Q: 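Take this structure, written in structure tokens, and hold onto it; I'll ask about it next.
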Amino acid sequence: MTKFIDCFSNRYMRLFLSAALSLVLVYWYLPCPKGDVPAWIQAGGSVLAIIASFWIADANRKSEQQERSQRVFAVAKAAHEYAKKIRGSIAFDQQNDRFNSAIHDIYHRDVTRSFARALADIPFHEVGTSDVVQALLSMQVQFDEFLPNSIDALIKGPTGNPEFEGTRNDLDDLPPIERSIQRKLLRDRYIGVLVKNVYTHIDVIDANFEEVQRAIDKAH
């Protein structure tokens with residue numbers, strides 16, 4: 001039933017049926033010699049054939065547009081799923097004072113760059129709205145630079161960061177036990193900042209993908 005309604009909502013379908021009905025009514029109510037029937041059939045068939053050709057061309061155009069949209073969506077979805085896996089893999093091992101191996105099993109800078117290239121290769125002039133183009137460009141930038149930079153910084157940890165080291169050195173004059181506690185709190189705070197940076201970039205990717213998905217759903 002839904003397919004029938006969708007088909008009837010096509011403007012060329014309505015035009016085709018209207019033209020066919022009009023031809024029947026004209027032939028039915030206007031007097032004409034019986035010998036003119038073939039001419040009526042030929043003229044009416046020509047009109048209906050022209051409408052049908054436009055109908056077919058429109059259907060082909062929509063089919064090609066849908067295929068392009070699905071290819072774009074497939075690339076964006078794959079990139080989004082990868083970002084979600086990275087989010088799920090981030091867990092700090094408090095006992096060993098390092099991140100667990102899950103992130104190393106999933107993340108590699110070459111992979112994020114591959115997704116960035118795949119997003120950059122999308123023919124943006126065929127995508128549709130400017131909002132979708134901006135969303136895809138934003139995703140491409142996130143995967144090309146911002147996300148891998150934040151993950152690399154997270155894996156490396158705060159050690160070697162000038163600000164962290166300077167603040168850490170300021171604790172040297174504290175008693176040993178207090179110094180150890182404060183250094184632990186300082187490190188945890190910096191690690192929290194690094195984790196938040198990664199999550200921030202993944203949040204942007206989430207929002208970009210939702211924009212693409214809304215546009216695809218609206219188009220179909």
Side-chain angles (χ1 to χ4, degrees), residues 60-165 187-220:
N60 290 337
R61 179 188 62 80
K62 289 182 177 179
S63 177
E64 291 173 358
Q65 178 62 41
Q66 185 173 5
E67 290 179 2
R68 288 195 295 267
S69 297
Q70 291 302 322
R71 288 195 294 268
V72 170
F73 182 73
V75 174
K77 183 177 182 180
H80 180 241
E81 290 296 327
Y82 180 68
K84 286 170 59 179
K85 289 181 179 178
I86 291 176
R87 184 195 293 274
S89 72
I90 296 175
F92 190 68
D93 186 347
Q94 296 287 351
Q95 183 176 356
N96 296 312
D97 198 31
R98 64 179 178 82
F99 284 90
N100 62 4
S101 61
I103 191 171
H104 298 283
D105 295 337
I106 295 173
Y107 166 74
H108 194 283
R109 197 176 186 92
D110 289 344
V111 178
T112 59
R113 289 287 175 82
S114 295
F115 277 115
R117 286 194 296 270
L119 290 163
D121 288 341
I122 292 175
F124 292 115
H125 64 282
E126 298 180 354
V127 169
T129 67
S130 60
D131 290 339
V132 177
V133 172
Q134 292 177 19
L136 291 170
L137 287 173
S138 177
M139 286 186 73
Q140 189 263 328
V141 172
Q142 292 295 327
F143 277 98
D144 186 54
E145 183 174 358
F146 295 144
L147 181 61
N149 286 349
S150 65
I151 296 174
D152 288 343
L154 175 62
I155 293 174
K156 181 180 178 182
T159 302
N161 181 288
E163 183 180 357
F164 171 78
E165 294 293 351
R187 180 175 175 80
D188 289 346
R189 185 166 64 249
Y190 269 83
I191 288 175
V193 171
L194 296 174
V195 170
K196 185 178 179 180
N197 287 341
V198 176
Y199 286 165
T200 297
H201 294 301
I202 296 177
D203 287 343
V204 173
I205 293 171
D206 288 344
N208 295 151
F209 177 72
E210 288 173 4
E211 180 65 38
V212 174
Q213 189 169 36
R214 279 196 300 269
I216 297 295
D217 293 341
K218 184 177 179 181
H220 302 98

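Start at 1 with the first residue, then count along the sequence. All values derive from a computational prediction rather than experimental measurement.
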Q: For the residue pair K77 and F209, what are the closest heavy atoms and their distance?
A: CA-CE1, 3.4 Å
Q: Could you check whether D206 and Y199, counting side-chain N and O atoms only, form a donor-acceptor pair closer than 3.5 Å?
A: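 Judged by distance alone, the side chains do not pair up.
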Q: Start with the C-alpha distance between V195 and L154, add both sets of side-chain angles, then the distance that settles side-chain contact (heavy atoms from CB on, under 4.5 Å), and finish with yes or no.
A: CA-CA 6 Å; V195 170; L154 175 62; 3.6 Å; yes
Q: Rounded to the nearest 0.5 Å, what separation is found between the CD1 atom of I106 and the CD1 atom of I90?
A: 9.5 Å
Q: If you measure only the distance, is there a donor-acceptor pair under 3.5 Å linking the side chains of S114 and R117?
A: yes
Q: Would you check if K84 and R87 make a side-chain contact, meaning some heavy-atom pair closer than 4.5 Å?
A: no
Q: For a quick test of reading the model, state the closest non-hydrogen atom pair linking N161 to Y190 and the distance between them.
A: OD1-CE2, 4.4 Å
Q: Find out whether S150 and L194 are in side-chain contact, i.e. whether some heavy atom of one side chain is under 4.5 Å from a heavy atom of the other.
A: no
Q: When rounded to the nearest 0.5 angstrom, what is the spacing between OG in S89 and CD1 in I151?
A: 7.5 Å
Q: Mind checking the CD-OG1 spacing from E165 to T159? Nearest 0.5 Å is all I need.
A: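 One finds 6.0 Å between CD of E165 and OG1 of T159.
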Q: Atom CD of Q213 and atom CD of E211: how far apart are they, to the nearest 0.5 Å?
A: 11.0 Å
Q: Can you sort out the partners of V193 under side-chain contact (heavy atoms from CB on, under 4.5 Å), two or more places apart, ordered by chain and number?
A: N197
Q: Please give me the minimum heavy-atom distance between L119 and A76, naming the atom from each residue.
A: CD2-CA, 4.3 Å
Q: Apply side-chain contact (heavy atoms from CB on, under 4.5 Å) to the pair F115 and V111, showing each step before the final yes or no.
A: CA-CA 6 Å; F115 277 115; V111 178; 3.8 Å; yes
Q: Say you draw a straight line from NZ of K196 to CG of D203; how long is it, rounded to the nearest 0.5 Å?
A: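 K196 atom NZ to D203 atom CG measures 10.0 Å (nearest 0.5 Å).
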Q: Starting at OH of Y82, measure out to CD1 of I205 and round the result to the nearest 0.5 Å.
A: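 One finds 10.0 Å between OH of Y82 and CD1 of I205.
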Q: Does the pair D105 and K85 meet the rule for a side-chain contact (heavy atoms from CB on, under 4.5 Å), with working shown?
A: CA-CA 10 Å; D105 295 337; K85 289 181 179 178; over 6 Å; no
Q: Identify each donor-acceptor pair in which a side-chain atom of residues 136-143 lies under 3.5 Å from a protein atom, sequence neighbours left out, and give them as a table.
A:
from, atom 1, to, atom 2, distance (Å)
S138, OG, N208, OD1, 2.9
Q142, OE1, H201, ND1, 3.0

Q: Quick one: do I155 and Y107 satisfy side-chain contact (heavy atoms from CB on, under 4.5 Å)? Show the steps, please.
A: CA-CA 10 Å; I155 293 174; Y107 166 74; 4.0 Å; yes
